[in-house]
Number of protein chains: 4
Amino acid sequence: METASEKKKLKRLKLMDAGYDLFITKGINNTVIDDIVKKAGVAKGTFYLYFKDKYDLVNQITLHKSLFVIREALGELEERRKQEAMDFEKEILFFIDYLVEFFQGHKDMLKLIRKNFSAKLLCGDSISDPDLQKAVDAFTQNFMNKGETLQQAQQTLYIIVAMVGSVCCDAILEEEPYSLSQIKPTLYFLIRKLLC
Amino acid sequence: METASEKKKLKRLKLMDAGYDLFITKGINNTVIDDIVKKAGVAKGTFYLYFKDKYDLVNQITLHKSLFVIREALGELEERRKQEAMDFEKEILFFIDYLVEFFQGHKDMLKLIRKNFSAKLLCGDSISDPDLQKAVDAFTQNFMNKGETLQQAQQTLYIIVAMVGSVCCDAILEEEPYSLSQIKPTLYFLIRKLLC
Amino acid sequence: METASEKKKLKRLKLMDAGYDLFITKGINNTVIDDIVKKAGVAKGTFYLYFKDKYDLVNQITLHKSLFVIREALGELEERRKQEAMDFEKEILFFIDYLVEFFQGHKDMLKLIRKNFSAKLLCGDSISDPDLQKAVDAFTQNFMNKGETLQQAQQTLYIIVAMVGSVCCDAILEEEPYSLSQIKPTLYFLIRKLLC
Amino acid sequence: METASEKKKLKRLKLMDAGYDLFITKGINNTVIDDIVKKAGVAKGTFYLYFKDKYDLVNQITLHKSLFVIREALGELEERRKQEAMDFEKEILFFIDYLVEFFQGHKDMLKLIRKNFSAKLLCGDSISDPDLQKAVDAFTQNFMNKGETLQQAQQTLYIIVAMVGSVCCDAILEEEPYSLSQIKPTLYFLIRKLLC
DNA sequence: CATGAATGAGACTTCATTCAT
DNA sequence: TATGAATGAAGTCTCATTCAT
């Protein structure tokens, strides 16, 4: 029957939602399984039917939320493209800036997923989401048009994303050594240099 | 004969050494205070005479080891300079490469200090070590010679270090998405671009 | 078969019994949670399922035992009333004497509950036990028959009980400044004075 | 030499003062030896040169403060006697009321010494202070004038003090079951009854 | 007498995980 | 599948007391 399967999915989601709320509110280490099942309204044992342990839940939440944000950014980029012609540099910077600004407004979320939101999401041939894959391919193609090999192109994209991620986590979460507004001009200037 | 003050310092060091060994062997979370004091050969209460808690010890170890490594790299650079003339680009790449190769050979140490070995160690005006400060000033001066302001120069240095740190942690600790040998050429190529 | 709810109550009681035995044998401060759970035959965590901490257990035991003793005294009074006619003074003194003699024979118990077995158990309008309430009301009524207001009557009863409690704790537990047999005549003489 | 002996007494006093302040501020259980020696400005080991342990200190402080308060009350009584003729009942009630009001204004002190400020201070033949002994003798004599034996007189005094102590500790420290102002009239009324 | 670093037993509590129902 | 009572190992930290200096 369909209902049973749907109920299961619902419980899974309730646990993920409860976990997400608690993790960003109290931190991962300060959240215990009891908190999660209480908030989700299920019994303690039920948790272990759906997740191996707390860190399994963390990983699944992280993956879920990361994909959500990236898809949002790509969606916005698509919208913008319809309104004005954008060259490659403009597109990359728009995409990056969208992510950066998003996390600036969602620090709690950034704190949670930073450990797992690695640039790897955008790399390799193992990207799970087709839309995402298409977007990455488009970016990569642009690098290749400049004479890079496929691998060089992929690596360049990865390095840029890693750089932005590292610098912006510092800036947003700790405002050290520079706040986001302080570092942005130099950061974007350097990205442009890399895109030449 | 040892003075009382020397004995105290010795105990401190013994605890830090014991902690370091255990942290890199078993991981921070799997190391308990009992392990540390047993290995250091002191009583449990003694630990709390010197450190607030386990994480205080972690932080002090991290700082200690980070400074040690950076000082090593600077020392090697100094040696090299005596042997051959080096321009700015060469010096920066030598310094970076020394750190990268060092951590490649000391993965456990990298795992431990990565969280705290931030690029910040090299930034700002609050650098604690005079030798380190001098070296950073020299690097910064080179960027300023290219027409950047002091702040731009400092930020550029910070961003490069952050980029290298992020990429190399992935490469060394997880070999994902690229191993160190795979990513190095592209990484160094991009650094050179940024130094132009 | 036992129901789950009955099993829970049983565990609670086992913990209270174990705690009571240990507290009167070794004292509260010298009894540790480990002792209690070991004696009760449950796991340590189980203790915290039923009680907030050691002092929560102490309080619950105290209340439980106090009510038990008072109910005993009232029961005996009831029995006695059937055998002979008793005026108010006689009843009060019988009730008091029962408690005093009981505790003389149960010094350990007195030591445990003295801190919490306050005269308050017999006062105010918040008495939890209906039988107890009825008995108190009867006593109070007698004072009111002598022309006191309700509050005066309640306060007089409270003061007598407080006086007896204080003097007898000294006498029974420390035999200082007077032993129970030494002080009793004067104490009861003074009570009679107060009842006039 | 005199100085050495005086220095010792000074240290003793500093420790007692520090202990008293901390005990009434933080409570006995929450005060550790470290707090005391730090506040007194001596080394930890020194504490054990003067006191067996924390509870030894508590007892000595309690005795010291109790005597101080009682002497104050007797002094005030003496003053009052000079101004107006007082009969026995008036004197007893004045003395009691002075103590009660004093503790009402020094709840912290009451909390500390209640456990040890027993009526015993005023009883027996072991009173250490000569002034106190004289005053107690005078009170006792009055009871004997009414036909009581020496022991009855002493016991009556003891019982009254115990009663007042018990009731007023409840009233002042917990305001339960009655506040001081609520219970005072009935309490003093009953004392007068006992003095008849 | 005075010091204070060192001791280490032991206290309390937490919480991931299991398993009988 | 779902439950939640029970588990008990593991963990951190405290603090009275000692003793070499």
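Chain letters run A, B, ... following the sequence lines, proteins first and then strands; every chain starts at 1. These numbers were taken from a predicted model, which means no experiment stands behind them.
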*Please state how far atom CG in B:Asp34 lies from atom P in F:dC13, giving the value in whole angstrom units.*
12 Å
*Rounded distance (Å) that lies between atom P of E:dA11 and atom OH of C:Tyr48*: 11 Å
_Nearest-0.5 Å distance that lies between atom CG in D:Asp108 and atom CG in D:Leu173_ = 9.5 Å
*Would you mind telling me which residue lines up with the more 5' stretch of DNA chain E, B:Ala43 or C:Phe47, judged by nearest nucleotide?*
B:Ala43
*Identify whether any heavy atom of B:Tyr50 sits under 4.0 Å from a base atom; if not, whether one sits that close to sugar-phosphate; answer base, sugar-phosphate or nothing.*
sugar-phosphate
*What is the distance from CG of D:Leu15 to C1' of E:dT3, rounded to the nearest Å?*
14 Å
*Under the 3.5 angstrom rule, does the side chain of D:Lys65 hit a backbone N or O of D:Gln60 as a donor-acceptor pair?*
no
_Separation of atom NZ in C:Lys38 from atom P in F:dT7, rounded to whole Å_ = 16 Å
*Would you mind classifying the nucleic acid contact of D:Asp53 as base, sugar-phosphate or nothing, using non-hydrogen atoms under 4.0 angstrom?*
sugar-phosphate
*asked:* Taking B:Thr31's backbone N and O only, do any of them form a donor-acceptor pair with B:Lys54's side chain (distance below 3.5 Å, no angle check)?
replied: yes
*Can you tell me how far the CE atom of B:Met109 sits from the OH atom of B:Tyr20, to the nearest 0.5 Å?*
4.5 Å
*Rounding to a whole Å, what distance do you find between A:Phe51:CZ and E:dA16:P?*
15 Å
*Give a yes/no answer on whether the side chain of A:Thr46 brings an N or O atom under 4.0 Å of OP1 or OP2 in F:dA2.*
no
_By nearest heavy atom, map C:Val32 and A:Asn30 onto DNA chain E; which one lands nearer the 5' end?_
C:Val32
*Heavy-atom donor-acceptor pair, C:Asp35 side chain to C:Val32 backbone, under 3.5 Å*: yes
*Among the nucleotides F:dT1, F:dT12, F:dG8, which one has an atom lying closest to any side-chain atom of C:Lys44?*
F:dG8
*asked:* Which nucleotide wins on minimum distance to the side chain of A:Lys11, given the candidates F:dA2, E:dT3, E:dC12?
replied: F:dA2
*Send over the distance from D:Asp35 CG to F:dT14 C1', rounded to a whole Å.*
12 Å
*Lys/Arg cation over aromatic B:Tyr50: B:Lys11, 6.0 Å, 45° cone*: no
*Looking across every strand, which nucleic acid part, if any, lies under 4.0 Å from A:Val37 by heavy atom: base, sugar-phosphate, or nothing?*
nothing
*For C:Lys107, check salt bridge (charged side-chain N to carboxylate O under 4.0 Å, His left out) against everything at least two apart and list the hits.*
none
*With heavy atoms under 4.0 Å as the rule, sort B:Ile33 into base, sugar-phosphate or nothing.*
sugar-phosphate
*Can a side chain N or O of B:Lys54 be found less than 4.0 Å away from OP1 or OP2 on F:dT12?*
yes
*N-O pairing of A:Lys39 and A:Asp17 below 4.0 Å*: no
*To the nearest 10°, let me know how far the axis at one end of the helix from E:dA2-F:dT21 to E:dT21-F:dA2 is tilted from the axis at the other, five pairs an end.*
10°
*Rounded to whole angstrom units, what separation is found between the CG atom of B:Asp56 and the P atom of F:dT12?*
14 Å
*Please give, in whole Å, the distance from F:dA16 C1' to D:Leu57 CG?*
14 Å
